[in-house]
Amino acid sequence: MDEVVKYDLPPQKKRRKKVKKHRKFWLVFKIIILVILLSILGVGLFLYFKYGDMIFSMQDEAKVLVDASTPETFRASETSIAYDNKGKQIAVLKGEKDSYYMTIDKIPQYVKDAFIVTEDKKFYSHNGIDVGGIIRAGLAYIRNNGTATQGASTITQQLARGTFLSTEKTVERKIKEIFIAMEMEKKYTKDQIFEFYLNSIYFMNGYYGIEAAAKGYFSKSCTELTLGEITFLCAIPNSPSRYDPLRRYKNTITRKNRILDQMLADGVINRIEYDEAYAQKIVLNVQEVKKRDYIETFVTYCAIRALMKKNGFEFRYSFIDNDDKAQYDEIYETEYALAEQKLKNNGLRIYTSIDLPTQRALQKAINDNLKPFKEKTKKGVYKMQGSGTCIDNDTGRVVAIVGGRSQQNDGYTLNRAYQAFRQPGSSIKPLVVYTPSLERGKTRYTTVNDHKFEDGPSNSSGSYYGNVSIEFAVQKSLNTVAWQLFEELTPEVGLQYLLEMDFSHIVKSDYYLSASLGGLTYGCSTLEMASAYATLGNGGRYREPTCIVTIKDSEGNELVGNEISQKYVYKHESADEMLDILQGVFKSGTAAGHSLENDMPCAGKTGTTNDKKDGWFCGLTPYYTASIWIGYDSPRRVEDLYGSTYPLVTWQQFMNEIHKDLKPKDFDISKAVIKKRDVTPEPAAPVASVKPPKNIDEDPADAEEEEEEIPIEEEEPVEEEVEPVEEATPEPEQPVDEDPADGGENVDVDPNDE
């Protein structure tokens, strides 16, 4: 075979071939780069023409805000004032921001180091923003379909947001925050900005600034704190609700130790300091909570919620699971704290629907009817308590709210009217059983067989009437009828109505038949019950029970408008028919003999929990709706406590007082309901008394009368009773012979806890 001879190309030709080989690659690469640059330019031009004016406007606004500011802007705490429905001042809402202000030279170095290593390591080198952090946050925002999952705020940005902006989670607000932060860096020194920040950052439970937090949690100045105590406090602001020392102490300790790790790694503390602080046991010495009256607590609560809604927060009342609720609670607490800071430090003007004469009348009625109960706690708080809420039916707003009896000691710490939740007894029946049943084709004349059945409740006297109308069952509060109708509806359907009306303590353990008689694990507040009955009086349309009319800033600009949103929870005709039926409770039912003095039409329902621990009356006239709760803070049996005794008598006294100058008028009930009531005769219900089974307790537990009302002082009223249901248990398998209105144990309420 001939030998193949290989010839190498000359070096010049090799280079020429290599150049030709890569020329196409570089051409394609350049084209790609050009396309990318043109795309960026196109996007830039698009954004410029669409948003340019807005962005430049935000930049100009930032300059104006910062130019107008002074060091006092970050220091002063401007008092907010609340007014009643006649424009009279009723409350002063002021934070303690100014009281504990501390200059940067007096703040311990440990505090400064802890915040630098955890919040903003580049604080002393950046111009107010962290570009890299913003890009990372922006990419995360895009990946999560417009949901902010990653923060990118420097210390300066955090200060800008807290001082000049709302807490809305929008791109526009973030852009404003960036511009303001950059302008602040031009006007103020780093030490000034850091000083402003350390005196305004939120440490949960109403404490703003490091000195206020030190005084609040340890009852001493921050200059007296150890490294362990300082890092414990510095753990809180990153997520105030998650690291709340009073509720999540272990979380706070865990983050405190992480801060120590970072400080050691960054070399700002040595190993000896680290070991001592890590091992120190943190003992809190919390300042006594400032006491506030019932009006101030409720106005504060309503105003904060209004500001939260203004900031875009969406309130929820049902959750997928415990993790879902825990996540919601954390966000809620954070947003609540931010709104509270704005309320107490920004000089707002809060105009409310509170009517002082009505407030005094409600307080007097509760005081008068509980005079016989004189027992007090060691702190001087009455053990036997009452609460009430009154709503103006025209507006749906709260005009009076009383969270307990008047006390000799200065102020109150618990407003039971909206902060305490108790089992509602039979007063829940119209809301979860009867009106929903009317919506599904039943009428006041639909008959249900009232009889004793296995695993079911009993009626109070042991009497069963056979086939009775729904109207008769409501007026006599027959437990067996409510139970059967609720079983037909299902608990899921019945309890959904409460969730639609923002009842906040409905939990999984409530979804059993005992809920038809008030057997709820935690229960309801008088605020919730009043708003629910007001919904029946408003043709089935629910309105949030607030006292806020408008909120304005210190310059008179409206932040929250005079708007009343409402939604249908019940069908109009069904709500009207239920309202009409409830009028019969005063004529021949459990509230007979307690009509108002001037022949004012009224409707309502009594309720009592098992063992007579809680008594309720919820009722309304064409003018007002009011709910009353009576019971011990730590639940105990009261022999003569029924819905038709102390609660009903209190309701009657209060309503007589506020209606004395009002002209009687009929409820606004649809013609269809009136026609049905007038032309359809009620079927005669057999009134055959059946001897109760031997195992039925003769002592009535739900106090729903079957005979004419007898004065409290003379004789015990006779009302239905059913067996108690244990707390948060599965649906009872044994007969329920007392009203399971205490379906779960009552939640003990410490009157000294806010």
Quiz item: Between Tyr568 and His572, what is the ring plane arrangement, given parallel below 30°, perpendicular above 60°, and tilted in between?
Solution: tilted
Quiz prompt | Rounded distance (nearest 0.5 Å) linking atom CG of Leu536 with atom OG1 of Thr625 | solution = 8.5 Å
Quiz prompt | Lys452 side chain to Gly456 backbone, donor-acceptor under 3.5 Å | solution = yes
Quiz item: For Glu314, does the CD atom have more than 12 heavy-atom neighbours from other residues, nucleotides or ligands under 6.0 Å away?
Solution: no
Self-check item: Non-neighbouring partners of Lys663 that pass salt bridge (charged side-chain N to carboxylate O under 4.0 Å, His left out), sequence neighbours left out
Solution: none
Quiz prompt | Heavy-atom pair of closest approach, residues Tyr434 and Ala473 | solution = OH-CB, 3.8 Å
Self-check item: By salt bridge (charged side-chain N to carboxylate O under 4.0 Å, His left out) - contacts of Glu488 (at least two apart)
Solution: Lys442
Quiz item: Can you tell me if Asn656 and Gln653 form a side-chain donor-acceptor pair at under 3.5 Å?
Solution: no
Quiz prompt | Side chains of Lys552 and Leu348 in contact at under 4.5 Å (non-hydrogen atoms) | solution = no
Quiz item: Is the Lys NZ or Arg CZ of Arg349 less than 6.0 Å from the centre of Tyr83's six-membered ring, within 45° of the axis?
Solution: no
Quiz item: So, for Tyr382 and Phe373, which heavy atoms are closest and what is the spacing to 0.1 Å?
Solution: CD2-O, 3.8 Å
Quiz prompt | Min side-chain heavy-atom separation Thr608-Ser426 under 4.5 Å | solution = no
Practice problem: Give a yes-or-no answer on whether the side chains of Gln419 and Ser525 include a donor-acceptor pair shorter than 3.5 Å. | Solution: no
Self-check item: Least distance between heavy atoms, Val399 atom then Asp392 atom
Solution: CG1-CB, 3.8 Å
Quiz item: Taking C-beta and beyond as the side chain, do Ile401 and Cys547 meet within less than 4.5 Å on heavy atoms?
Solution: no
Practice problem: Could you point out which residue of Asn467, Asn479, Thr480 forms a side-chain hydrogen bond (donor to acceptor under 3.5 Å, both in side chains) with Asp450? | Solution: Thr480
Quiz item: Mind checking what makes salt bridge (charged side-chain N to carboxylate O under 4.0 Å, His left out) contact with Lys665, not counting sequence neighbours?
Solution: none
Quiz prompt | Ser353 side chain vs Val398 backbone, donor-acceptor pair below 3.5 Å | solution = yes
Quiz item: Counting only N and O atoms by type, is there a donor-acceptor contact under 3.5 Å from the side chain of Gln484 to the main-chain atoms of Val448?
Solution: no
Quiz item: Between Phe298 and Asn415, does a side-chain contact (heavy atoms from CB on, under 4.5 Å) hold up when you go through it step by step?
Solution: CA-CA 8 Å; Phe298 187 63; Asn415 190 329; 4.2 Å; yes
Practice problem: Evaluate side-chain contact (heavy atoms from CB on, under 4.5 Å) for Leu495 paired with Leu520, printing each intermediate quantity in order. | Solution: CA-CA 10 Å; Leu495 293 178; Leu520 301 176; 4.3 Å; yes
Practice problem: Kindly indicate, with the supporting measurements, whether the criterion side-chain contact (heavy atoms from CB on, under 4.5 Å) is fulfilled by Val474 and Met578. | Solution: CA-CA 9 Å; Val474 172; Met578 190 71 251; 4.0 Å; yes
Quiz item: Would you say Ile470 and Thr443 make side-chain contact, with heavy atoms under 4.5 Å?
Solution: no
Self-check item: Neighbour count >12 (heavy atoms, 6.0 Å) for atom CG, Asp668
Solution: no
Practice problem: Check whether the side chains of Thr521 and Asp510 place a donor and an acceptor atom closer than 3.5 Å, and report yes or no. | Solution: yes
Quiz item: In Å, rounded to the nearest 0.5 Å, how long is the span from CG of Asp84 to CD1 of Ile90?
Solution: 5.5 Å
Quiz item: Which value, rounded to the nearest 0.5 Å, describes the distance between Gln363 atom CD and Ile295 atom CD1?
Solution: 9.5 Å
Quiz item: Is there a donor-acceptor pair closer than 3.5 Å between any side-chain N or O of Glu577 and the backbone N or O of Arg444?
Solution: yes
Quiz item: How about Phe503 and Tyr317: are their ring centroids closer than 6.0 Å?
Solution: no
Exercise. Any chance you could measure Asp576, atom CG, to Thr435, atom OG1, to the nearest 0.5 Å?
Key: 10.5 Å
Quiz item: Where the side chain of Thr535 meets the backbone of Ser531, is there a donor-acceptor pair that is under 3.5 Å apart?
Solution: yes
Quiz item: Any side-chain donor paired with an acceptor under 3.5 Å for Lys605 and Ser477?
Solution: yes
Quiz item: Can Ser406 and Asn367 be counted as having a side-chain donor-acceptor contact under 3.5 angstrom?
Solution: yes
Quiz item: How are the rings of Tyr497 and Tyr570 set relative to one another: parallel (under 30°), tilted (30 to 60°) or perpendicular (over 60°)?
Solution: parallel
Self-check item: Lys567 side chain reached by Arg541 side chain, heavy atoms, under 4.5 Å
Solution: no
Self-check item: Passing option when Glu544 is tested against Lys309, Arg397, Gln566 for side-chain hydrogen bond (donor to acceptor under 3.5 Å, both in side chains)
Solution: Lys309
Quiz prompt | Pair Ser588-Gln475, side-chain donor/acceptor within less than 3.5 Å | solution = yes
Practice problem: Give the intermediate values and the outcome of side-chain contact (heavy atoms from CB on, under 4.5 Å) for residues Tyr646 and Trp651. | Solution: CA-CA 8 Å; Tyr646 298 103; Trp651 184 92; over 6 Å; no
Practice problem: Kindly compute the distance separating CG (Asn393) from CG (Leu620), expressed to the nearest 0.5 Å. | Solution: 6.0 Å
Quiz item: How close do Pro601 and Pro622 get, heavy atom to heavy atom, and via which atoms?
Solution: O-CD, 3.4 Å
Quiz prompt | Ser627 (side chain) donor-acceptor with Cys618 (main chain) under 3.5 angstrom | solution = no
Exercise. Answer yes or no: is there a side-chain heavy-atom contact under 4.5 Å between Leu517 and Lys429?
Key: yes
Quiz item: Are side-chain heavy atoms of Pro491 and Leu513 found at a separation under 4.5 Å?
Solution: yes
Practice problem: For Asp502 and Tyr542, test the side chains for any donor-to-acceptor distance below 3.5 angstrom and give the result as yes or no. | Solution: yes
Quiz prompt | Lys/Arg N to Asp/Glu carboxylate O, Lys612 vs Glu639, below 4.0 Å | solution = yes
Quiz item: Is a side-chain N or O of Thr389 found less than 3.5 angstrom from the main chain of Ala530, in a donor-acceptor match?
Solution: no
Quiz prompt | Side-chain donor-acceptor contact under 3.5 Å, Gln359 with Asp355 | solution = no
Quiz item: Is Asn369 reaching over with its side chain to a backbone N or O of Ala365, donor-acceptor style, under 3.5 angstrom?
Solution: yes
Exercise. Please round to the nearest 0.5 Å and tell me the distance separating atom CD of Gln385 and atom CH2 of Trp629.
Key: 6.5 Å
Self-check item: For Tyr624 against Cys390, the heavy-atom pair lying closest together
Solution: CD2-SG, 3.8 Å
Quiz item: Under the 3.5 angstrom rule, does the side chain of Thr650 hit a backbone N or O of Ile366 as a donor-acceptor pair?
Solution: no
Practice problem: On the 0 to 90° scale, with breaks at 30° and 60°, tag the His505-Phe421 ring pair as parallel, tilted or perpendicular. | Solution: parallel
Exercise. Kindly say whether Asp614 contributes a backbone atom to a donor-acceptor pair with the side chain of Gln423 at under 3.5 angstrom?
Key: no
Quiz item: Taking the six-membered ring for Trp, is the centroid-to-centroid distance between Phe315 and Phe313 below 6.0 Å?
Solution: yes
Quiz item: How far apart are the closest heavy atoms of Ala482 and Ser516, and which atoms are they?
Solution: O-CB, 4.0 Å
Practice problem: May I ask you to test the Trp616-Arg422 pair for a side-chain heavy-atom distance under 4.5 Å? | Solution: yes
Practice problem: State, without any angle test, whether Glu500 and Gln496 hold a side-chain donor-acceptor pair at a distance under 3.5 Å. | Solution: yes
